[in-house]
> 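A single structure is presented below for examination.
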Amino acid sequence: MRPTKAIVRLDAIVHNLGVAARLAPGSKNVPVIKANAYGHGAVEVARALAPHAPALALACMDEAVALREAGIDHPLLVLQGPNSAGDVAEAASSGIWLMLQDPRQVRWAAATRLRTPLTAWLKVDTGMHRLGLAPDTLPQAVAALRESDCARDEMVISTHLSSADETDSRATTDQLAAFNRATAGLALPRSIANSAGILYWPDTHAEWNRPGYLLYGNEPAINEGPAAAPLKPVMTLASEVIAVRTIEAGEGVGYGLRWRAERRSRIGTIPVGYGDGYPRHAPSGTPVRVNGVNVPLVGIVSMDAITVDLSDVEDAGIGSPVELWGANLSVNDVAQSAGTIGYELLAGLTARVPVESQGHESRGQSRGSE
Ligand SMILES: *Cc1c(COP(=O)(O)O)cnc(C)c1O
């Protein structure tokens, strides 16, 4: 087997959910496990988190149905709501909660005859202008759902924050004020905070929070918030050096020979590339950890391999352990070097990378050790 794999500590994810709970003691948390649990393996992560959370959140029905088919019977919340009236019926009958984010979805829910009522959340647009009902239409939507008897009374009113990871931005306070105006007369439970809201904006903590990124051990703010939260690292993207050669000053490495050695250099090759989700835009100099030392990436990232300069790590050779990101090399730092965010790197891992989950008893189902 190729040595490249994502090692995932499920117990650390459970720990990080506990951190969210301690930061917002009055809130219930719906862990967000969309996009294959941000690359960590949705089924394994769902099994680990279900005993600790009232529901788990996905982006779309397809993701929720895939978890049902994998045997996850926990309540699931679909953040973008239904794509058809048929989705409403399927959701209601299979314990899937729907976040309704536009008038068409509200009409589908209100018009569908349901044997089991739907658990509906309503989303209001308070300034991000991506999804959500216009604030002045919220009372109508609530009334329509109540009259139709299709939804349970305990609707949760939610919104999404555009800028909570910018700890000095005014946008969050503005959105909070708009949300409070929109929900003032409704006396319904609310949900506002994502990870950044939980970490940096206590005023956004409501009856329900929706932590995603922080569960996976990283903070969303690059310019980091007031106090670093005691999150535990979760994923190590690991590999090994599979080839080493010495080149002379002036010789080039990789496609286009875009990096040239300034001195005699020992070049190591690692079997990971953009075909695995390692970012092609990572420039020479991006840190890669070999034998416990950060060395620079050199040359263009190719589909199946990267090259690094091992000249300063004498004991590194074929078989030396590699950390592309993990406990000792933050995915945020690799992302910053590549001009993106850690979210994209985690969610962008491809199916070629096996996920080895560890640290959770799941009735013999886990592929991991322990
Ligand atoms: C993805 C998502 C979240 C989680 O966001 P993080 O920044 O990962 O915590 C919460 N709410 C909604 C609606 C989302 O789409």
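Ligands are counted one by one from 1 in listed order, and the atoms in each one are counted from 1 as well.
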> Could you identify the single nearest non-hydrogen protein atom to atom 12 (C) of ligand 1 and state the distance to 0.1 Å?
H160 CE1, 3.4 Å
> Do ligand 1 and L79 have nitrogen or oxygen atoms that lie under 3.5 Å from each other?
no
> What are the atoms of ligand 1, with element, lying closer than 4.0 Å to any heavy atom of S195?
6 (P), 9 (O)
> Between N194 and ligand 1, which part of the residue brings a heavy atom under 4.0 Å of the ligand: side chain, backbone, both or neither?
both
> Within a radius of less than 6.0 Å around CE of M303, do more than 12 heavy atoms belonging to other residues, nucleotides or ligands occur?
no
> Answer yes or no: does atom CD of E248 have more than 12 heavy-atom neighbours from other residues, nucleotides or ligands under 6.0 Å?
yes
> Using a 4.0 Å heavy-atom threshold (strictly under), name the region of R210 that reaches ligand 1: side chain, backbone, both or neither.
both
> Just do the side-chain contact (heavy atoms from CB on, under 4.5 Å) check on I13 and V8 with the steps written out, would you?
CA-CA 9 Å; I13 300 184; V8 168; 4.3 Å; yes
> Distance from E154 atom CD to L188 atom CG, nearest 0.5 Å?
7.0 Å
> NE2 of H52: more than 12 outside heavy atoms within 6.0 angstrom?
yes
> Counting heavy atoms only, which of Y213, W121, Y343 is nearest atom 7 (O) of ligand 1?
Y343
> Can a non-hydrogen atom of K123 be found less than 4.0 Å from any atom of ligand 1?
yes
> Give me the residue, atom name and distance of the protein heavy atom closest to atom 14 (C) of ligand 1.
K34 NZ, 3.0 Å
> For ligand 1, which atoms sit closer than 4.0 Å to a heavy atom of Y38?
1 (C), 4 (C), 5 (O), 6 (P), 8 (O)
> Verify the distance criterion only: is there a donor paired with an acceptor across the side chains of S239 and T4 at less than 3.5 Å?
yes
> Judged by modelled atom types alone, do R210 and H160 share a side-chain donor-acceptor pair under 3.5 Å?
yes
